[in-house]
Amino acid sequence: MSELITAELVDLDLSAETKDAAARSLAERMVAAHRVTDLDGFLADVAAREAQMPTGLDGGIGIPHCRSEHVSAPTLAFGRSARGIDFGAADGPADLVFLIAAPAGADDDHLTILSGLARRLMDPEFTAALRAGDDPGTVAALIRGEEPAPEPEATTPIATAEEAAPAKDDAPFRIVAVTSCPTGIAHTYMAAESLTAAGRAEGVEVTVETQGSAGFSKLDPAVIARADAVIWAHDVEVREKARFRGKPLVDVGVKAGINRPAELIAEARRKAERGEIAAVPQGGDGPADGGDGGSGADGAHFGVRLRTYLMSGVSYMVPFVAAGGLLIALSFAIGGYEIADAKSVADHFVWGQMDSWAALLNQIGSAAFGFLVPVLAGYIAYGMADRPALVPGFVGGAIALTVDAGFLGGLVAGLLAGAVVMAIQRVPVHATLRGIMPVLVIPLIASAVVGFLMFIVVGKPIAALQSALTDWLNGLSGSNAVILGVVLGLMMCFDMGGPLNKVAYAFAVGGLTDPTDGSLKVMAAVMAAGMVPPLAMALATTVRKKLFTKTERENGRAAWVLGASFITEGAIPFAAADPLRVIPSVMAGGAVTGALSMAFGCTLRAPHGGIFVVPLIGEPFLYLLAIAAGTLVATALVVLLKGARRTVPVPADEAGATATDARVGATA
């Protein structure tokens with residue numbers, strides 16, 4: 001522990017006012033101590049971790065942390081703020097800030113020490129001593145455990161199997177728990193300590209399995225068998241879920257385990273009393289690879305995980321789509337479609353010619369678009385097996401483009417890369433190799449395997465399938481095109497930014513990587529249908545105000561802009577408040593719009609932009625007509641369904657006489 005924090009890494013007068021500034025201030029101390037090699041690169045990793053989940057904890061604690069290739073040695077920096085800094089905790093800002101930096105291949109011993117600190121942060125006497133300290137050296141020694149700091153109760157925070165199995169007839173209520181977080185450094189162990197402490201206070205026996213970076217020691221099967229209930233406090237997949245089959249289960253995020261452990265224990269007891277048994281998948285116990293140990297035959301569960309992997313890839317791909325696609329669209333607006341054949345602007349750029357600027361925008365956008373398939377594949381793999389899978393995922397995606405396997409090839413490459421990395425992670429290795437596995441061995445072997453599979457085995461068949469799909473789209477006409485438009489419209493409007501919406505959108509964008517007449521029609525239908533939900537709700541709140549609350553009417557005004565900009569999520573507040581009336585209505589409108597767009601033969605080369613890219617649309621007036629028709633259908637249906645409810649007098653908020661928004665009408 002003596003190497004993790006020194007007096008130079010302690011700031012008792014942290015002046016930063018934001019979490020980013022606090023992280024930078026403490027990281028600069030790490031750079032000065034030669035613990036961090038690249039300040040901006042490390043801060044980018046910290047920010048990426050923060051984006052996954054806020055690191056503020058109740059009790060005035062902030063623990064920004066990450067594993068980064070820019071960290072040369074496991075390090076702690078501590079800052080104490082007089083004002084407090086917002087790290088996203090429910091009870092307010094943090095005055096105690098720990099920046100925890102771990103190398104990408106940190107060894108188990110150091111991570112175990114870091115997890116020990118995380119547990120100590122749950123002790124109020126320890127945090128009180130940190131707030132009272134007035135000397136950086138003393139505080140650093142306190143954190144290292146060299147000062148006579150108050151320690152938690154002598155009871156081991158995470159009970160052993162022997163402790164969890166008293167031979168008394170009046171045995172206490174028993175709970176087994178699993179805690180895990182994306183990084184596996186801090187939240188994992190703090191949740192474990194919090195649950196264990198709450199169990200002691202409640203007279204409940206809690207045995208915790210921490211699935212963090214410092215190791216994974218499985219609970220004794222006998223302990224699980226004797227347990228009365230199970231708590232999962234996790235933000236990544238629980239490993240080997242099948243072990244907990246047949247038990248009442250409380251399934252929450254890791255921060256719930258830290259912030260409200262007593263509530264979770266009480267809920268577990270209630271479920272046990274009611275005899276509620278969780279639907280944990282059948283299957284054997286696989287290795288600790290991030291999977292769940294469930295059987296591959298469990299279609300429903302596998303489908304959920306597959307959707308999560310695919311959505312991970314799509315979510316990282318969308319910014320490339322938006323930036324690259326809109327740049328290409330703007331270049332067409334300035335220089336016409338023939339600008340795509342312009343010579344390289346690196347050799348033929350003339351400052352005063354608009355065609356040169358159009359070519360510049362087109363070539364920048366095309367460069368961004370060129371990353372779509374590799375990014376999709378890379379982050380599908382990342383969603384499956386974390387950072388070690390990025391390299392083979394990107395390599396597989398690039399090969400998919402090389403062999404003309406396109407968007408479908410990227411999907412397959414990402415899944416292959418993730419599966420190969422997960423398989424390699426199952427192989428036991430000597431402790432001396434553990435540090436280089438994620439940064440050297442796994443990327444090397446997995447890239448070679450994925451490259452072989454994509455070049456030699458699956459690449460060409462997928463390319464043939466991609467070509468057949470392209471020919472099918474180009475050949476669509478009449479009723480076939482209309483049916484496809486209906487299906488795409490329904491998908492775009494069902495969950496408004498959710499998985500089905502994203503699948504339809506990804507299908508359309510994939511066609512733009514190698515545009516044909518059929519794929520351009522699909523893109524037009526998808527964007528048109530996606531504009532309908534917010535536009536319909538905006539129109540409904542305008543023509544029948546009394547059917548909506550004051551808040552919904554305010555949301556309706558914003559929905560005009562969101563719908564016009566192709567931001568389907570603008571209708572989510574309405575769908576969340578009244579799903580049974582809103583969702584079917586907008587789905588009907590989206591189906592009408594998608595069908596009409598395909599029937600009219602409208603085309604679109606831009607993947608985003610809404611009405612702002614209308615000049616780039618083939619048959620623009622018919623396109624706007626299709627959107628208007630779908631919007632009117634959806635509006636009419638939602639007004640009809642809402643108006644059919646048993647109504648009550650208009651609430652006083654209509655005249656501004658009350659501060660409470662009351663919904664007009666009661667559910668029939």
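Starting from 1, each residue takes its place in the sequence as its number.
Taking CE of Met422 as the start and CD of Gln425 as the end, the distance is 7.5 Å to the nearest 0.5 Å. To the nearest 0.5 angstrom, Leu99 atom CG is 8.5 Å from Leu76 atom CG. One distance of note links CZ of Arg269 with CZ of Arg274; it measures 13.5 Å at 0.5 Å rounding. In this structure, CZ on Phe574 lies 6.0 Å from CD on Glu552, to the nearest 0.5 angstrom. Distance CG/Leu43 to CG/Asp20: 8.5 Å, rounded to 0.5 Å. We find the CG-CD1 distance between Leu390 and Ile442 to be 12.0 Å, quoted to the nearest 0.5 Å.
Partners of Glu69 under the salt bridge (Lys or Arg N to Asp or Glu O under 4.0 Å) rule, at least two apart in sequence or in another chain, do not exist in this structure. When the side-chain hydrogen bond (donor to acceptor under 3.5 Å, both in side chains) test is applied to Asp95, the partners found at least two apart in sequence or on another chain are Arg131.
Across Ala23 and Val46, no two heavy atoms sit closer than the pair CB-CG1, 4.4 Å. A pairwise comparison of heavy atoms in Ala268 and Phe173 identifies O-CZ, 4.1 Å as the closest pair. For the residue pair Lys19 and Ile85, the shortest heavy atom distance occurs at N-CG2, 3.5 Å. Among all heavy-atom pairs drawn from Ala385 and Pro388, the shortest one is O-CD, 3.7 Å. Between Val71 and Pro103, the shortest heavy-atom distance links the atoms O-CB, 3.6 Å. Annotation for Thr6 and Arg144: closest pair CA-NH1, 4.0 Å, computed over non-hydrogen atoms.
Proximity of Val36 to Asp38: side-chain heavy atoms (C-beta onward) are nowhere separated by under 4.5 Å. You'll find the side chain of Glu209 reaches within 4.5 Å of the side chain of Val178, heavy atoms only. The shortest side-chain heavy-atom distance between Leu9 and Met30 falls under the 4.5 Å cut-off. The side-chain heavy atoms of Thr75 and Leu4, taken from C-beta on, include no pair separated by under 4.5 Å. Looking at heavy atoms from C-beta onward, Glu205 lies out of side-chain contact with Arg226 at the 4.5 angstrom threshold. The shortest distance between side-chain heavy atoms of Ile175 and Thr207 does not fall below 4.5 Å. Within the 4.5 Å cutoff, the side chain of Phe87 has no heavy atoms near those of the Ile61 side chain. A heavy-atom distance below 4.5 Å is not found between the side chains of Tyr189 and Thr179.
Side-chain atoms of Lys247 do not come within 3.5 Å of backbone N or O of Asp228 as any donor-acceptor pair. A donor-acceptor contact shorter than 3.5 Å is absent between the side chain of Arg80 and the backbone of Val10. Between the Ser72 side chain and the Arg35 main chain, a donor and an acceptor come within less than 3.5 Å of each other. Of the possible donor and acceptor atoms, none in the side chain of Ser25 sits under 3.5 Å from a partner among the backbone N and O of Ala21.
Judged by the 6.0 Å and 45° rule, Arg387 forms no cation-pi pair with Tyr382.
Ring planes of Phe98 and Phe78: tilted class, angle from 30 to 60°.
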(message) Using the rule given for side-chain contact (heavy atoms from CB on, under 4.5 Å), can you reason through Val206 versus Val176, listing the C-alpha separation, both sets of side-chain angles and the distance that settles it, and then say yes or no?
(response) CA-CA 6 Å; Val206 180; Val176 290; over 6 Å; no
(request) For side-chain contact (heavy atoms from CB on, under 4.5 Å), just list the numbers for Ser180 and Trp232, CA-CA rounded to whole Å, side-chain angles, deciding distance to a tenth of an Å, and then say yes or no. (result) CA-CA 8 Å; Ser180 66; Trp232 290 344; over 6 Å; no
(message) Determine whether Val250 and Val230 satisfy the following criterion, side-chain contact (heavy atoms from CB on, under 4.5 Å), listing intermediate values before the conclusion.
(response) CA-CA 6 Å; Val250 176; Val230 178; over 6 Å; no
(message) side-chain contact (heavy atoms from CB on, under 4.5 Å), that's the test. Do Val139 and Leu130 meet it? Break it down for me.
(response) CA-CA 6 Å; Val139 170; Leu130 292 176; 4.0 Å; yes
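Side-chain N/O atoms of Asp40 and His70 include no donor and acceptor closer than 3.5 Å.
A 6.0 Å sphere centred on CZ of Arg83 holds no more than 12 heavy atoms belonging to other residues, nucleotides or ligands.
Among residue pairs with one or both ends in residues 5-14, those qualifying as salt bridge (charged side-chain N to carboxylate O under 4.0 Å, His left out) are Asp11-Arg29; sequence neighbours excluded.
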